[in-house]
Amino acid sequence: MASNVNPTVRRRRLGQELRRLREQRGMTAEEVAERLLVSQSKISRLENGRRSISQRDVRDLCGVYEVEDRRIVDSLMQMAKDSRQQGWWHAFGDIPYSVYIGLETDAASLRVYEPQVVPGLLQTRDYAEALVAGALPEYAKTDVDKRVGVRMRRQDRIKDAESPLRLWAVVDEGALRRVVGSHQMMREQLEHLIEQSRLPHVTVQVLPFEMGAHPGISGHYAVLEFPDASDSSVVYIEGVTSDLYLEKANDVQRYSVMYEHLRAQALNVEQSRDFISAIAKDHATT
């Protein structure tokens, strides 16, 4: 479930407010950095919410921006305090994609394209274990278990009775045919995928091989949208050693248009369920 205080989202909102205050003063990040005797990259990281913001940072920045309203300063200081709390995922130790988890935990909707595997929020535990173990062969079993535990906990957003995540997944045929673990495991995974696709807030479409080239050919990406209008949408692109988060309106619009093309080229919902069911039967007889 989404926690009452999500440190990732607090950092984003605080960073947006600090950027707004800087722009109101007509100052560049470089000018602010010079005034505070810090690097320009620190100011940029504070504004994009990628690093923790201390109350001292907020106080110093409010001083530079000449914020005289004490209520604004106090509100920003409280946001800085909240942003340093730990989210539920910190209980699992160091998770390299913790920023994404924080965003997903607070998102209202998620549109994802998966070319290689079944989307994480729709995976069975057996499939997830086999997938993580295969993708990270150097990991000890305890590390694999930790990754899988986080993935299963993330699925609480799908099960949330009060405010479930609205999930739209376009899945490439290759993800359905790739044998992860065993054919038996794949059959169970695909049957689970069909079951999940029947939830009112989950939509699954399959993109068959026969569709040829398409806008998602370059790989996996996800678009997250949030319930608070002040939180900008985010495009998430997963990397091997680092992840990319795009928040500029033009970038989000471009990926959103790409996603609409993917949805148009994919099979409709009923056709997709039939397609997945047929592949599940293939796995059962192999």
Looking at Arg111 and Trp168, would you say the former's side chain and the latter's main chain have a donor-acceptor pair under 3.5 Å?
no
Indicate, with yes or no, if Phe275 and Val179 share a hydrophobic cluster defined by side-chain heavy-atom contacts under 4.5 Å among Ile, Leu, Val, Met, Phe, Trp and Tyr.
yes
Short side-chain to backbone donor-acceptor contact, Tyr127 and Val117, under 3.5 Å
no
Residue pairs passing the salt bridge (Lys or Arg N to Asp or Glu O under 4.0 Å) test where at least one lies in residues 176-194, sequence neighbours excluded:
Glu173-Arg177, Arg177-Asp282, Arg187-Glu191
Using a 3.5 Å distance criterion without hydrogens, assess whether the side chain of His283 forms a donor-acceptor pair with backbone atoms of Gln184.
no
Among Glu47, Glu247, Glu17, which residue satisfies the side-chain hydrogen bond (donor to acceptor under 3.5 Å, both in side chains) criterion with Arg12?
Glu247
Start with the C-alpha distance between Val235 and Asp251, add both sets of side-chain angles, then the distance that settles side chain to side chain contact (heavy atoms under 4.5 Å, CB included), and finish with yes or no.
CA-CA 8 Å; Val235 174; Asp251 292 333; 5.7 Å; no
Taking the six-membered ring of Phe226 (Phe, Tyr or Trp), confirm whether the NZ or CZ of Arg13 is under 6.0 Å from its centre and within 45° of its axis.
no
With hydrophobic residues grouped by side-chain heavy-atom distances under 4.5 Å, do Leu14 and Val64 end up in a single group?
yes
Using distance alone, with no hydrogens and no angle criterion, decide if Arg59 and Ser54 have a side-chain donor and acceptor under 3.5 Å apart.
no
Could you tell me whether the side chain of Asn48 reaches within less than 4.5 Å of the side chain of Tyr245, counting heavy atoms only?
no
Run the salt-bridge test on Arg157 and Glu104 with the 4.0 Å N-O cut-off and return the result as yes or no.
no
In terms of hydrophobic clusters joined by side-chain contacts under 4.5 Å, are Tyr113 and Met211 together?
yes
Which heavy atom of Ile101 sits nearest a heavy atom of Arg154, and at what distance?
CG1-CD, 4.2 Å
Minimum-distance pair of heavy atoms, taken over all atoms of Val58 and Ala80
CG2-CB, 3.7 Å
Is there a side-chain contact between Val252 and Leu246 (heavy atoms, below 4.5 Å)?
no
Please round to the nearest 0.5 Å and tell me the distance separating atom CG of Asp126 and atom CD of Gln189.
9.5 Å
Quick one: NZ on Lys42 to CG on Leu37, what's the gap to the nearest 0.5 Å?
11.0 Å
Under 3.5 Å: donor-acceptor pair, side chain of His261, backbone of His214
no
Check Leu46, Ile53, Leu21 against Leu61 for a side-chain contact (heavy atoms from CB on, under 4.5 Å) and give me the one that passes.
Leu46
Would you confirm whether Tyr65, through its side chain, and Met27, through its main-chain N or O, come within 3.5 Å as a donor-acceptor pair?
no
Just wondering, do Leu110 and Leu121 contact through their side chains at under 4.5 Å, heavy atoms?
yes
Smallest separation among heavy atoms of Pro215 and Gln265, with atom names:
CD-OE1, 3.2 Å
Non-hydrogen side-chain atoms of Tyr236 and Val112 separated by less than 4.5 Å
no
Give the table of side-chain donor-acceptor pairs shorter than 3.5 Å for residues 134-144, with sequence neighbours excluded, one pair per line with atom names and distance.
residue : atom : partner : partner atom : Å
Tyr139  : OH   : Arg147  : NH2          : 3.3
Lys141  : NZ   : Asp145  : OD1          : 3.3
Lys141  : NZ   : Asp145  : OD2          : 3.0

Mind running salt bridge (charged side-chain N to carboxylate O under 4.0 Å, His left out) on Arg263 and Glu260 for me, showing each step along the way?
CA-CA 5 Å; Arg263 287 169 51 178; Glu260 291 306 308; 3.0 Å; yes
So, for Glu162 and Pro164, which heavy atoms are closest and what is the spacing to 0.1 Å?
C-CD, 3.7 Å
Please determine which of Val206, Val118, Val171 meets the side-chain contact (heavy atoms from CB on, under 4.5 Å) test together with Ile276.
Val206
Partners of Arg198 by salt bridge (charged side-chain N to carboxylate O under 4.0 Å, His left out), sequence neighbours excluded?
none
Are any non-hydrogen side-chain atoms of Val180 and Met186 less than 4.5 angstrom apart?
yes
Do Val132 and Val150 sit in the same hydrophobic cluster, where Ile, Leu, Val, Met, Phe, Trp and Tyr count as joined when their side-chain heavy atoms come under 4.5 Å apart?
no
Reported CD1-to-CZ distance for the pair Ile43 and Arg22, which is rounded to 0.5 angstrom:
8.5 Å
Taking every heavy atom of Gln155 against every heavy atom of Leu122, the minimum-distance pair comes out as NE2-N, 4.2 Å
Answer yes if Leu18 and Ile72 sit in the same cluster of Ile, Leu, Val, Met, Phe, Trp and Tyr residues linked by side chain heavy atoms under 4.5 Å apart, and no otherwise.
yes
Quick check: do Leu176 and Leu193 have side-chain heavy atoms less than 4.5 Å from each other?
yes
Distance from Lys281 atom NZ to Ser277 atom OG, nearest 0.5 Å?
4.5 Å
Hydrogens and angles aside, do Ser41 and Arg45 bring a side-chain donor and acceptor to less than 3.5 Å of each other?
yes
Looking at Asn268 and Gln271, would you say the former's side chain and the latter's main chain have a donor-acceptor pair under 3.5 Å?
yes
Tightest non-hydrogen contact, residues Cys62 and Leu76, listed as SG-CD1, 3.8 Å
N/O donor-acceptor pair under 3.5 Å between Gln40 side chain and Ala29 backbone
no
Geometric class of the Tyr255/Tyr221 ring pair [parallel <30°, tilted 30-60°, perpendicular >60°]
perpendicular
Straight-line distance of Asp156 CG to Lys159 NZ, nearest 0.5 Å:
5.5 Å
If you count heavy atoms of other groups shown closer than 6.0 angstrom to CG of Asp69, is the number above 12?
yes
For the CZ atom on Arg254, are there more than 12 heavy atoms of other groups (residues, nucleotides or ligands in this structure) within a distance under 6.0 Å?
no
Heavy-atom check, side chain of His220 versus side chain of Gln116, under 4.5 Å:
no
Nearest-0.5 Å distance that lies between atom CG in Leu199 and atom CG in Leu165:
11.5 Å
Would a distance-only check, ignoring hydrogens and angles, find a side-chain to backbone donor-acceptor pair under 3.5 Å from Ser272 to Leu267?
yes
Among Arg273, His192, Gln205, which residue satisfies the side-chain hydrogen bond (donor to acceptor under 3.5 Å, both in side chains) criterion with Ser197?
Arg273
With the side chain counted from C-beta on, respond yes when Tyr100 and Val234 share a heavy-atom pair under 4.5 Å apart, and no when they do not.
no
Ser109 versus Glu225, side-chain donor and acceptor atoms under 3.5 Å:
yes
